[in-house]
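Order of the sequence lines sets the chain letters (A, B, ...), proteins ahead of strands, with each chain counted from 1.
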There are 2 protein chains.
Amino acid sequence: MTVDEICSNALRLMDEAGPEGLSMRGLAAELGVNPMSLYHHVPSKEALIGLVCSRVAERVPLPSDDGAPWQDQLAELALAYLRHAQAHPAVWAYIHSHPELIEDRRLPIRNTLDRVLRLAGVTGPELRRTSDVLYALVTGFVITAAQGHLPGGQDEIDRDFGTALRLIVSGVAGLS
Amino acid sequence: MTVDEICSNALRLMDEAGPEGLSMRGLAAELGVNPMSLYHHVPSKEALIGLVCSRVAERVPLPSDDGAPWQDQLAELALAYLRHAQAHPAVWAYIHSHPELIEDRRLPIRNTLDRVLRLAGVTGPELRRTSDVLYALVTGFVITAAQGHLPGGQDEIDRDFGTALRLIVSGVAGLS
DNA sequence: ACCTGAACACCGTTCAAGT
DNA sequence: ACCTGAACACCGTTCAAGT
């Protein structure tokens, strides 16, 4: 039994039933193992969830710089974020309600956001603040949408997302 | 023992330790009562948290229409939202990760938002969508800030909040 | 109506013992 | 090193019994 096996099963349980739906005993049962065996690979349930969250956050398919305008790259990045959160809503909700678990600003998605913002001409000391503000704003939409908190189907959500993005892009453009 | 007493004590526990920190047994102990007595006033822990959330959401001090420009009223509303979430971060985080608990669009804060948007000239079918998008965006910032997820002190958070609001206001103005 | 104690079916985790 | 069973200290909740 490896940490990978434990994490991938834990992820599935979190996707199905959220963090409260994940229990060490239930997870052990699925792995056909004594509940206490898990503690030889992982120090606690909280740490396990932290591991799962880190792994999920590493796996967002991020756009690389293809020379497209920053507006397009920002939209592509945000869409990747939305899609990934829709695939793992409980994990992303957990990440954002447990700031101590993961250093947000070190997330791969944040590095990409900073890259795109530099492309947009945001410089030096303003970069961090702009990045924080944008990430907080978009996260609100993403978490809300991922939890089915918005009315309408996927089409309507995507259109609303487009609306929000245009609003933000025009705001960022207005900064410089 | 009244439902009010139960809820106000439950709110204090949630403010201190979040929803997981609130236990029926611990709450009963604080009230000097048998754990099972609570179930004669409240059907379950989940329902109790729902009650607490509803009561908190009703108590946001909302600005009334004082004839000021809609931009100012929107800023005032958003600031009231931020301040209230900072006073009860766990409750607001819970509200927004449990869409089934409270019908968001019926929240008093949403009625006020709609009123301000009508003031801004947003009409008919676009009103609901714009309201949903704006609320989702601002909520992201508010939850993030309320959980201390942003760097810097209150001053810096307020400045970032102002930045986000100007961005959104200019976007809304661009819609019409 | 309201409160209670005992009990049930769960948790996460510690610890001593096994291989 | 890795796994196990028993045990501890908790949970939310049901139920029958009290007043």
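- Distance alone, capped at 3.5 Å, places no donor-acceptor pair between the B/Glu30 side chain and the B/Leu27 backbone.
- Panel note: side chain A/His41, backbone A/Met1; a donor-acceptor pair is recorded below 3.5 Å.
- Between B/Arg55 and B/Asp4 there is a salt bridge, with a side-chain nitrogen of the basic residue lying less than 4.0 Å from a carboxylate oxygen of the acidic one.
- Annotation: B/Phe141 is not in aromatic contact with B/Tyr81 [ring centroid separation under 6.0 Å not met].
- Near DNA chain C, meaning a heavy atom under 4.0 Å from it, residues 10-19 of chain A has no residue at all.
- Look at CG on B/Leu38: it is 13 Å from P on C/dC2, rounded to the nearest Å.
- Aromatic ring pairs are classed by plane angle as parallel below 30°, tilted from 30° to 60° and perpendicular above 60°; the pair A/Trp92 and A/His84 is perpendicular.
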#### Entry: Contact pattern, 5' to 3', of nucleotides 12-19 of chain C - B, S or - by protein heavy atom under 4.0 Å
BBB-----
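- By the 4.5 Å heavy-atom criterion applied to side chains, A/Leu167 and B/Leu167 are counted as neighbours.
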### Task
Taking Watson-Crick and G-U wobble pairs with both distances under 3.5 Å, convert DNA chain D into its dot-bracket string, 5' to 3', dots for unpaired and | for cross-strand pairs.
||.|||||...|||||.||
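- Across all non-hydrogen atoms, the minimal contact from B/Cys7 to B/Val52 is O-CG2, 3.9 Å.
- The shortest distance between the side-chain N/O atoms of B/Ser37 and the OP1/OP2 oxygens of C/dT4 is below 4.0 Å.
- Rounded to an integer number of Å, the gap from CD1 of B/Ile6 to P of C/dC2 is 11 Å.
- Between A/His149 and B/Tyr135, the distance from one ring center to the other does not fall under 6.0 angstrom.
- A salt bridge links A/Asp158 with A/Arg83: the distance from a Lys NZ or Arg NE/NH1/NH2 to an Asp or Glu carboxylate oxygen falls below 4.0 Å.
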#### Entry: Criterion salt bridge (Lys or Arg N to Asp or Glu O under 4.0 Å) on A/Glu156 and B/Arg128, from CA distance to verdict
CA-CA 12 Å; A/Glu156 206 168 342; B/Arg128 206 193 63 173; 3.8 Å; yes
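- Remark: C1' of C/dA1 and CE of B/Met1 are 12 Å apart, rounded to the nearest angstrom.
- When all heavy atoms of A/Pro63 and A/Thr112 are compared, the closest pair comes out as O-CG2, 3.8 Å.
- Spacing between atom CG of A/Leu48 and atom P of C/dC11 amounts to 15 Å, rounded to whole angstrom units.
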